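Computed from heavy atoms alone, side chains included, the values below leave out hydrogens, waters and symmetry copies. Small disclaimer: the values here were computed from a predicted structure and weren't measured.
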Amino acid sequence: TLVLSLATVYVGLMRVQQAEATFKKALELQLPSAKRAGVYYFLAALCGDRPEAAEWKAKALASSDLPAPLRAKLQGR
């Protein structure tokens with residue numbers, strides 16, 4: 001979707017707050033499960049050490065549609 005593309009551009013530009021807000025906005029859309037899992041992954045990374053990062057990480061790992069390379073990164077492999 002355009003919203004996910006925009007969020008990814010913000011990540012590339014190191015505009016972390018805008019990227020985070022845009023990814024959260026994307027969650028309001030009806031995304032396919034794999035896309036939603038990817039958004040959770042990015043939000044976990046963008047939140048860094050904040051407590052909500054653990055919540056996003058758990059949601060990403062709970063999705064069976066999370067791509068294997070992203071799952072491995074979240075699991076520290």
Side-chain angles (χ1 to χ4, degrees):
T1 70
L2 183 59
V3 175
L4 291 179
S5 297
L6 180 60
T8 305
V9 168
Y10 285 145
V11 169
L13 294 173
M14 301 302 292
R15 295 168 77 174
V16 176
Q17 289 179 333
Q18 287 174 303
E20 183 178 339
T22 307
F23 278 121
K24 286 179 178 177
K25 187 73 171 171
L27 291 175
E28 296 174 12
L29 305 173
Q30 293 199 4
L31 298 173
S33 181
K35 295 273 188 194
R36 185 169 293 275
V39 170
Y40 294 150
Y41 168 83
F42 275 108
L43 285 170
L46 290 170
C47 289
D49 293 335
R50 293 190 323 224
E52 66 184 284
E55 176 186 341
W56 296 122
K57 179 179 176 180
K59 287 183 176 188
L61 291 172
S63 174
S64 61
D65 291 322
L66 183 67
L70 300 184
R71 183 176 300 280
K73 286 182 181 183
L74 286 178
Q75 293 174 331
R77 293 189 266 146

Applied to residues 4-13, the salt bridge (Lys or Arg N to Asp or Glu O under 4.0 Å) test, sequence neighbours excluded, yields none
Sorted by chain and number, sequence neighbours left out, side-chain hydrogen bond (donor to acceptor under 3.5 Å, both in side chains) with Q17 holds for none
Contacts of Q75 meeting side-chain hydrogen bond (donor to acceptor under 3.5 Å, both in side chains) (sequence neighbours excluded), chain-then-number -> R77
Hits for salt bridge (Lys or Arg N to Asp or Glu O under 4.0 Å) against K24, two or more places apart or cross-chain, chain-then-number order -> E20, E52
Ring pair (Phe, Tyr, Trp, His ring centres under 6.0 Å) pairs touching residues 57-77, sequence neighbours excluded, are none
Residues 58-77 vs ring pair (Phe, Tyr, Trp, His ring centres under 6.0 Å), sequence neighbours excluded, gives none
N/O donor to acceptor pairs below 3.5 angstrom from side-chain atoms of residues 8-15, sequence neighbours left out:
from, atom 1, to, atom 2, distance (Å)
T8, OG1, L4, O, 2.8
R15, NE, Q18, OE1, 2.5
R15, NH2, Q18, OE1, 2.9

Solution key, residues 34-49 side-chain donor-acceptor pairs under 3.5 Å, sequence neighbours excluded:
from, atom 1, to, atom 2, distance (Å)
R36, NH1, L27, O, 3.3
R36, NH2, L27, O, 3.4
R36, NH2, L29, O, 2.9

Could you pull out every donor-acceptor pair under 3.5 Å between side chains of residues 59-67 and any protein atom, sequence neighbours left out?
from, atom 1, to, atom 2, distance (Å)
S63, OG, D65, N, 3.1
D65, OD2, S33, OG, 2.7

